[in-house]
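First the structure, in the form of structure tokens, and then the observations on it.
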Amino acid sequence: QVQLVDSGGGLVQAGGSLRLSCAASGRTLTRYAMGWFRQPPGKEREFVAAIMWNGGSTLYADSVKGRFTISRDNAKNTVYLQMNSLKPEDTAVYYCALKTRVGVLLLPYEYDYWGQGTQVTVSS
């Protein structure tokens with residue numbers, strides 16, 4: 001079994017920054033990519049960013065491009081999401097996810113394992 005533990009959420013004022021972390025542990029398996037998704041109140045889960053485990057190529061949603069940065073530390077089995085210039089519309093529960101197979105990075109159902117979520121609230 002694989003466990004993902006995401007953390008780092010909190011309450012921040014607009015324009016502020018937060019860094020989310022996602023630590024992976026458990027059974028060793030092929031890791032194709034790691035992603036971050038978010039689910040705003042009353043809305044569906046949406047893609048935020050993804051990073052290829054080998055090579056480190058990244059992909060971002062247009063809404064966060066230039067403000068958020070995804071990175072990974074292979075030795076620590078940890079993925080990070082640095083969020084700068086936060087806006088009230090970034091308020092959501094943020095989830096990290098692990099994808100073990102080749103496929104589309106944008107789609108939640110393409111991911112095999114999920115963290116428990118961490119709340120990010122941005123006040124205006």
Side-chain angles (χ1 to χ4, degrees):
Q1 192 60 279
V2 174
Q3 292 84 39
L4 300 179
V5 179
D6 36 33
S7 61
L11 173 64
V12 64
Q13 288 188 330
S17 299
L18 284 172
R19 189 178 82 155
L20 306 184
S21 300
C22 175
S25 62
R27 188 166 62 94
T28 299
L29 40 68
T30 301
R31 296 172 185 171
Y32 178 68
M34 295 287 293
W36 284 98
F37 290 78
R38 66 187 183 186
Q39 189 161 13
K43 297 184 179 181
E44 293 187 352
R45 195 166 299 190
E46 63 186 29
F47 173 78
V48 175
I51 186 167
M52 304 298 291
W53 200 256
N54 294 317
S57 297
T58 58
L59 181 68
Y60 295 93
D62 287 344
S63 59
V64 306
K65 204 172 292 184
R67 301 188 297 123
F68 292 9
T69 302
I70 188 170
S71 61
R72 76 199 190 298
D73 184 331
N74 289 12
K76 295 182 178 180
N77 289 324
T78 300
V79 174
Y80 304 96
L81 185 68
Q82 178 66 43
M83 305 186 296
N84 298 328
S85 302
L86 283 162
K87 305 175 181 180
E89 51 263 44
D90 294 318
T91 294
V93 178
Y94 284 70
Y95 299 89
C96 67
L98 168 63
K99 181 172 172 51
T100 62
R101 301 161 284 126
V102 174
V104 179
L105 297 177
L106 301 174
L107 301 175
Y109 61 77
E110 289 277 342
Y111 288 75
D112 305 289
Y113 299 92
W114 290 83
Q116 81 282 3
T118 184
Q119 176 71 47
V120 172
T121 303
V122 184
S123 62
S124 56

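Only this structure's heavy atoms are used, side chains among them; waters, hydrogens and symmetry mates stay out.
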**Message:** Within the structure provided, determine whether Val64 and Arg38 are in side-chain contact (heavy-atom separation under 4.5 Å).
**Reply:** yes

**Item:** Closest contact, heavy atoms only, Phe47 versus Leu59
**Value:** CZ-O, 3.6 Å

**Prompt:** Partners of Trp53 by ring pair (Phe, Tyr, Trp, His ring centres under 6.0 Å), sequence neighbours excluded?
**Reply:** none

**Message:** For Arg31, run the side chain to side chain donor-acceptor pair (under 3.5 Å) check against Asn77, Asn74, Asn54, Thr100 and tell me which one passes.
**Reply:** Asn77

**Item:** Nearest heavy-atom neighbours spanning Glu44 and Gln39
**Value:** C-CG, 4.0 Å

**Asked** To the nearest 0.5 Å, how far apart are CZ in Arg45 and OH in Tyr94?
**Response** 13.0 Å

**Prompt:** Quick one: are Tyr32 and Arg101 in side-chain contact, heavy atoms under 4.5 Å?
**Reply:** no

**Request:** Please report the closest heavy-atom contact between Val102 and Glu110, naming both atoms and the distance.
**Result:** O-OE1, 4.4 Å

**Asked** Between Tyr111 (side chain) and Met34 (backbone), is there a donor-acceptor pair under 3.5 Å?
**Response** no

**Request:** Could you walk me through whether Met83 and Asp90 pass the side-chain contact (heavy atoms from CB on, under 4.5 Å) test, one step at a time?
**Result:** CA-CA 9 Å; Met83 305 186 296; Asp90 294 318; over 6 Å; no

**Request:** Assess Arg19 against Tyr80: is NZ or CZ under 6.0 Å from the centre of the six-membered ring, and within 45 degrees of the ring's axis?
**Result:** yes

**Message:** For the NZ atom on Lys65, are there more than 12 heavy atoms of other groups (residues, nucleotides or ligands in this structure) within a distance under 6.0 Å?
**Reply:** yes

**Asked** With Asp73, which residues qualify under salt bridge (charged side-chain N to carboxylate O under 4.0 Å, His left out), at least two apart?
**Response** none

**Message:** Counting C-beta onward and ignoring hydrogens, is there a side-chain heavy-atom pair between Leu20 and Tyr95 closer than 4.5 Å?
**Reply:** no

**Prompt:** Which heavy atom of Leu105 sits nearest a heavy atom of Ala33, and at what distance?
**Reply:** CD2-CB, 3.6 Å

**Prompt:** What heavy-atom pair brings Ala14 and Ser124 nearest, and what distance separates the two atoms?
**Reply:** CB-CA, 4.4 Å

**Item:** Summary of side chain to side chain donor-acceptor pair (under 3.5 Å) pairs that have at least one residue in residues 5-18, sequence neighbours excluded
**Value:** Asp6-Gln116, Ser17-Asn84

**Asked** Closest approach of Trp36 and Ser21, non-hydrogen atoms and distance?
**Response** CH2-O, 3.6 Å

**Prompt:** Is a side-chain donor or acceptor of Thr121 paired with a backbone partner of Thr91 at a separation under 3.5 angstrom?
**Reply:** no

**Request:** Go through the steps to decide whether Phe68 and Leu86 satisfy the test side-chain contact (heavy atoms from CB on, under 4.5 Å), and finish with yes or no.
**Result:** CA-CA 9 Å; Phe68 292 9; Leu86 283 162; 3.8 Å; yes

